[in-house]
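To start, the structure itself, in structure tokens.
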Amino acid sequence: MKDSDLIRAARRARRQAHAPYSRFKVGAALETASGVVITGCNVENASYGLTICAERVAMFKALSDGHRRFRRIAVVADTGAPTPPCGACRQILWEFGGDLEVILANLRRETGRHQLSDLLPLPFDGRLL
Ligand code: THU
């Protein structure tokens, strides 16, 4: 799959975002090792703290569908500056996706590209338990 296809899927998912409080809509598209694309959007809650980011929605959807190996994730927001995954999402992505490629984009162009290990140096994970 081309990068542009994954980014397009994340842009489409972003349209489903439920973000009435922040008005900050995010879409994510996670590619499994076998090339399946699972999307997510942020879903906010009036309590604020129960909000879940697009990246975690995509990962949990994928896990609940039985996917266990992942290649990369595209994250899209309508911002000039890159919107990288928050700390909680980095931890969850690392747990289940390992050193994923993280592609950042807005509605027009790619805004960044990173390995998750660069975004989450010195991770805490199951190997330390
Ligand atoms: N958000 C995401 O969904 N992913 C990110 O990478 C950054 C933040 C959401 C959470 C909240 O609904 C809104 O963006 C503002 O923080």
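Order of listing sets the numbers, starting from 1, for every ligand and every atom in it.
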Quick one: nearest non-hydrogen protein atom to [atom], plus distance?
{"atom": "atom 7 (C) of ligand 1", "answer": "Thr83 CG2, 4.0 Å"}
{"atom": "atom 9 (C) of ligand 1", "answer": "Asn42 ND2, 3.5 Å"}
{"atom": "atom 8 (C) of ligand 1", "answer": "Cys53 SG, 4.2 Å"}
{"atom": "atom 5 (C) of ligand 1", "answer": "Glu55 OE2, 3.4 Å"}
{"atom": "atom 14 (O) of ligand 1", "answer": "Phe24 CD2, 3.4 Å"}
{"atom": "atom 15 (C) of ligand 1", "answer": "Ser22 OG, 3.7 Å"}

Between ligand 1 and [X], is the shortest N or O to N or O distance under 3.5 Å?
{"X": "Thr51", "answer": "no"}
{"X": "Val26", "answer": "no"}
{"X": "Ala54", "answer": "yes"}

- request: Output all residues satisfying side-chain contact (heavy atoms from CB on, under 4.5 Å) with Asp99, sequence neighbours left out; order by chain, then residue number.
  value: Trp94, Gln115, Leu116, Ser117
Asn42 (side chain) donor-acceptor with Ala19 (main chain) under 3.5 angstrom: no
statement: Paired with Val76, the side-chain contact (heavy atoms from CB on, under 4.5 Å) test is passed by just one of Asn106, Thr111, Leu107, namely Leu107
side-chain contact (heavy atoms from CB on, under 4.5 Å), paired with Leu30, selected from Val37, Leu100, Thr39, Leu6: Leu100
query: Can you find a non-hydrogen atom of Ala17 under 4.0 Å from ligand 1?
result: no
message: Less than 4.0 Å is my threshold; does some heavy atom of Pro85 fall inside it relative to ligand 1?
response: yes
- request: Please check if atom CZ in Arg108 has more than 12 non-hydrogen atoms from other residues, nucleotides or ligands closer than 6.0 Å.
  value: no
message: Do the side chains of Arg113 and Glu101 get close enough for a salt bridge, i.e. N-O under 4.0 angstrom?
response: yes
message: Going by side-chain hydrogen bond (donor to acceptor under 3.5 Å, both in side chains), name the residues that satisfy it together with Thr83, two or more places apart in sequence or in a different chain.
response: Thr79
- prompt: When you measure from atom 13 (C) of ligand 1 to each heavy atom in Glu44, Arg14, Arg23, Lys25, which option holds the nearest one?
  reply: Glu44
- prompt: Is any side-chain heavy atom of Arg14 less than 4.5 Å from a side-chain heavy atom of Val26?
  reply: no
message: Heavy atoms only, cut-off 4.0 Å: how does Ala28 contact ligand 1, side chain, backbone, both, or neither?
response: neither
Numbered atoms of ligand 1 (with element) below 4.0 Å of Pro84, judged on heavy atoms: 6 (O)
- request: Describe, in one word, how the ring planes of Phe96 and Phe60 are oriented to each other, choosing from parallel (under 30°), tilted (30 to 60°) and perpendicular (over 60°).
  value: perpendicular
